[in-house]
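Throughout, residue positions are numbered sequentially from 1 according to the sequence presented. Only heavy atoms go into these numbers, but all of them, side chains included; no hydrogens, no water, no symmetry mates.
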Amino acid sequence: MITLANPKIETEINLTPETPFLLVSENPKQFYEFVSQMIKAFDGEESLFTFWSDDEKVTPSKFAEFVGNVFSVDFIEKRIVSLLYKRLLQEYNDGDFILQFNILSARISEFIQTLIATVDFSVDYTEPDLESILKICSVKPAKEYESLLECLVCYVNLLVELKNVSLFVFINLKSVLDDNDLSAFYHHCKLQKVSLL
């Protein structure tokens, strides 16, 4: 369980997957202050918000994700694609893919050598590695959703899988999802063992 503390909030906030926590501020200045301080916490700066696991202060960016604007959720931002490549490279190293890759690499080299033999001057080339092939093939998370709820569910699944995220902090989520979609989203996060603020 993660505990969130802020000296301007009387009680500590216990974040668990079973119960989403809604922090509501009707005062616009206070709302701005809370969001600004939360951004600072995620950026690793001094902040009024502190995150605790048992009695140890923890850095939220290591286990949590901050979503300040649900309209800007991006599945193919560089950070996520890098996490995907890292995961695929790990699967490659841990799995039985070396033989298949060697066959593919040999065929690519044979094709390149045949192609460059058609010109009358020396040509250099680099043997492809797996990361190069992933980039050439534009491997990236697919955007397969039709609603904001589906988008957020996919985003949660993606970051739980790639970054092991256990907490999401959303700003103004209740402004863009109706009660039925919120309930469905809360239920999904509970099944994924993800806490919500």
Side-chain angles (χ1 to χ4, degrees), residues 17 38-45 58-173 176-177 181 184-185 188-197:
M38 188 63 72
I39 291 169
K40 285 182 178 183
F42 273 83
D43 286 345
E45 298 174 20
V58 291
T59 306
S61 59
K62 293 186 179 179
F63 63 89
E65 191 68 23
F66 177 83
V67 182
N69 180 0
V70 294
F71 298 104
S72 66
V73 168
D74 185 4
F75 285 54
I76 55 173
E77 67 180 81
K78 185 176 180 178
R79 171 183 67 100
I80 292 176
V81 173
S82 293
L83 287 169
L84 173 61
Y85 287 6
K86 183 178 177 182
R87 175 65 178 273
L88 293 174
L89 289 169
Q90 179 184 346
E91 292 295 331
Y92 169 78
N93 290 327
D94 294 345
D96 296 326
F97 299 101
I98 293 176
L99 179 60
Q100 287 176 285
F101 181 76
N102 287 342
I103 292 169
L104 175 65
S105 184
R107 287 190 177 166
I108 290 172
S109 292
E110 181 183 333
F111 170 76
I112 295 294
Q113 288 174 4
T114 303
L115 183 62
I116 62 177
T118 62
V119 296
D120 289 334
F121 49 86
S122 296
V123 176
D124 285 332
Y125 75 97
T126 304
E127 294 281 334
D129 61 4
L130 180 58
E131 191 166 354
S132 300
I133 290 175
L134 293 174
K135 287 179 183 176
I136 290 168
C137 294
S138 273
V139 174
K140 60 186 176 282
K143 293 183 177 182
E144 295 182 351
Y145 53 84
E146 295 180 11
S147 69
L148 179 58
L149 173 61
E150 290 177 7
C151 171
L152 295 177
V153 164
C154 291
Y155 190 68
V156 165
N157 292 348
L158 183 67
L159 288 174
V160 165
E161 179 79 18
L162 294 178
K163 192 181 168 192
N164 204 23
V165 171
S166 60
L167 167 67
F168 281 85
V169 177
F170 286 95
I171 304 301
N172 282 335
L173 189 61
V176 293
L177 292 180
D181 284 350
F185 186 61
H188 177 76
C189 288
K190 178 180 177 181
L191 293 176
Q192 290 283 30
K193 295 181 172 68
V194 170
S195 302
L196 289 173
L197 173 63

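The two residues Y85 and L134 have their closest heavy-atom pair at OH-O, 3.3 Å. Contact detail for F75 and C151: the closest heavy-atom pair is CZ-O, 3.5 Å. Contact record, V165 with E65: CG1-N, 4.0 Å, taken as the closest heavy-atom pair. Across every non-hydrogen atom of I116 and V123, the tightest pair is CG2-CG1, 3.7 Å. Taking all atoms of both residues into account, the shortest heavy-atom contact from K163 to S61 is NZ-O, 3.2 Å.
E144 CD: 12 or fewer foreign heavy atoms inside a 6.0 Å radius. Atom CD of E45 has more than 12 heavy atoms from other residues, nucleotides or ligands within 6.0 Å. Surrounding CZ of R107 are at most 12 heavy atoms belonging to other residues, nucleotides or ligands under 6.0 Å away.
For the pair P141 and V81, the minimum side-chain heavy-atom distance is below 4.5 Å. Within the 4.5 Å cutoff, the side chain of L152 has no heavy atoms near those of the V67 side chain. Counting heavy atoms from C-beta on, the side chains of P60 and L167 never come closer than 4.5 Å. Residues V70 and L177 are not in side-chain contact: their nearest non-hydrogen atoms beyond the backbone lie 4.5 Å or more apart. A heavy-atom distance below 4.5 Å is not found between the side chains of I80 and D74. Two residues are said to be in side-chain contact when any heavy atoms from C-beta on lie closer than 4.5 Å; H188 and L149 fail this criterion. The side-chain heavy atoms of V153 and Y145, taken from C-beta on, include no pair separated by under 4.5 Å. Between I171 and F66, some side-chain heavy-atom pair lies under the 4.5 Å cut-off.
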Exercise for review: Would you please test S105 and N102 for side-chain hydrogen bond (donor to acceptor under 3.5 Å, both in side chains) and show each step?
Suggested key: CA-CA 5 Å; S105 184; N102 287 342; 5.9 Å; no
Exercise for review: Decide yes or no on side-chain contact (heavy atoms from CB on, under 4.5 Å) for K193 and S166, but give the supporting numbers first.
Suggested key: CA-CA 7 Å; K193 295 181 172 68; S166 60; over 6 Å; no
Review point. Passes side-chain contact (heavy atoms from CB on, under 4.5 Å), Q90 versus K86? Steps please.
Key: CA-CA 6 Å; Q90 179 184 346; K86 183 178 177 182; 5.7 Å; no
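Within the model, atoms CD1 of I103 and CD1 of I108 stand 12.5 Å from one another, a figure rounded to the nearest 0.5 Å. Rounded to the nearest 0.5 angstrom, L130 CG and L104 CG are separated by 9.0 Å. With values rounded to the nearest 0.5 angstrom, L84 atom CG is found 11.0 Å from K140 atom NZ. Taking CG of D124 as the start and CD1 of I112 as the end, the distance is 12.5 Å to the nearest 0.5 Å. For the atom pair L158 CG and Y155 OH, the distance stands at 8.0 Å (nearest 0.5 Å). Atom CG of L159 and atom CG of N164 lie 10.5 Å apart (nearest 0.5 Å).
The aromatic rings of F101 and Y92 sit perpendicular to each other, their planes meeting at more than 60°, with 30° as the lower class boundary.
In this structure, F185 has its ring center under 6.0 Å from that of F170.
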